[in-house]
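Basis for what follows: all heavy atoms, side chains included, without hydrogens, waters or symmetry-related copies. These numbers were taken from a predicted model, which means no experiment stands behind them.
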Amino acid sequence: NTMTFTVRDTGIGMTEEQLERLRFRLREGVLPENAGFGLYNVNRRIRLYYNRELEIASEYGKGTSISFTLPCGESDHEEIVCSG
């Protein structure tokens, strides 16, 4: 059992180069240069607590989608309960 959280926008999105650069920075734990500190911090916490990473998809001119999936049940830090 898992629970998936997704946030989507209909903004300008990112080019493939921008998206790959963002994915690399998150994967390697490199602090952002001028924006994205919140995204970096959320990814870091998800990685520390659940050994998972943010999944980011984006299409230039159409928007961006960021999601993560967590297991249901107990974790080392809190209880995640899924119902429905």
Review point. Residues in side chain to side chain donor-acceptor pair (under 3.5 Å) with Thr69, at least two apart?
Key: Thr4
Review point. Where is the tightest heavy-atom contact between Gly63 and Ser58, given as atom of each residue plus distance?
Key: O-OG, 3.2 Å
Review point. In the hydrophobic cluster built from side-chain contacts under 4.5 Å, what are the other members alongside Ile12?
Key: Tyr60
Review point. Do the side chains of Pro71 and Arg52 get nearer than 4.5 Å, heavy atoms only?
Key: yes
Review point. Can you check side-chain contact (heavy atoms from CB on, under 4.5 Å) on Ile46 and Glu53, steps first, answer last?
Key: CA-CA 6 Å; Ile46 290 171; Glu53 305 235 351; over 6 Å; no
Review point. Do Leu70 and Val7 belong together in a cluster built from hydrophobic side chains that touch within less than 4.5 Å?
Key: no
Practice item. With rounding to the nearest 0.5 Å, note down the distance linking OH in Tyr40 to CG in Leu31. Key: 4.5 Å
Check your understanding: Would you say Ser67 and Leu54 make side-chain contact, with heavy atoms under 4.5 Å?
Key -> no
Practice item. Can you sort out the partners of Glu16 under salt bridge (charged side-chain N to carboxylate O under 4.0 Å, His left out), two or more places apart, ordered by chain and number? Key: none
Point to revise | Heavy atoms from other residues, nucleotides or ligands near CD of Glu17 exceed 12 (cutoff 6.0 Å) | key: no
Check your understanding: Going only through I, L, V, M, F, W and Y residues with side-chain contacts under 4.5 Å, is there a path from Leu39 to Val30?
Key -> no
**Study point:** Thr64 side, atom OG1; Gln18 side, atom CD - distance, nearest 0.5 Å
**Key:** 9.0 Å
Review point. Can you find a pair of side-chain heavy atoms, one from Ile66 and one from Arg8, that are under 4.5 Å apart?
Key: no
Review point. Tell me, which pairs form a ring-ring contact (aromatic ring centres under 6.0 Å, His included) where one or both residues lie in residues 4-27, sequence neighbours left out?
Key: Phe5-Phe68
Point to revise | Close side-chain approach of Leu19 to Ile56, heavy-atom, < 4.5 Å | key: yes
Practice item. Any salt bridge (Lys or Arg N to Asp or Glu O under 4.0 Å) involving residues 57-68? Give me the pairs, sequence neighbours left out, ordered by first then second residue. Key: Glu59-Lys62
**Study point:** Spatial distance of atom CZ (Arg47) from atom CZ (Arg27) [nearest 0.5 Å]
**Key:** 9.5 Å
Practice item. Return yes if some donor-acceptor pair links the side-chain N/O of Arg44 with the main-chain N/O of Gly29 below 3.5 Å, else return no. Key: no
**Study point:** Residues which pass salt bridge (charged side-chain N to carboxylate O under 4.0 Å, His left out) with Glu55, listed by chain and number, not counting sequence neighbours
**Key:** none
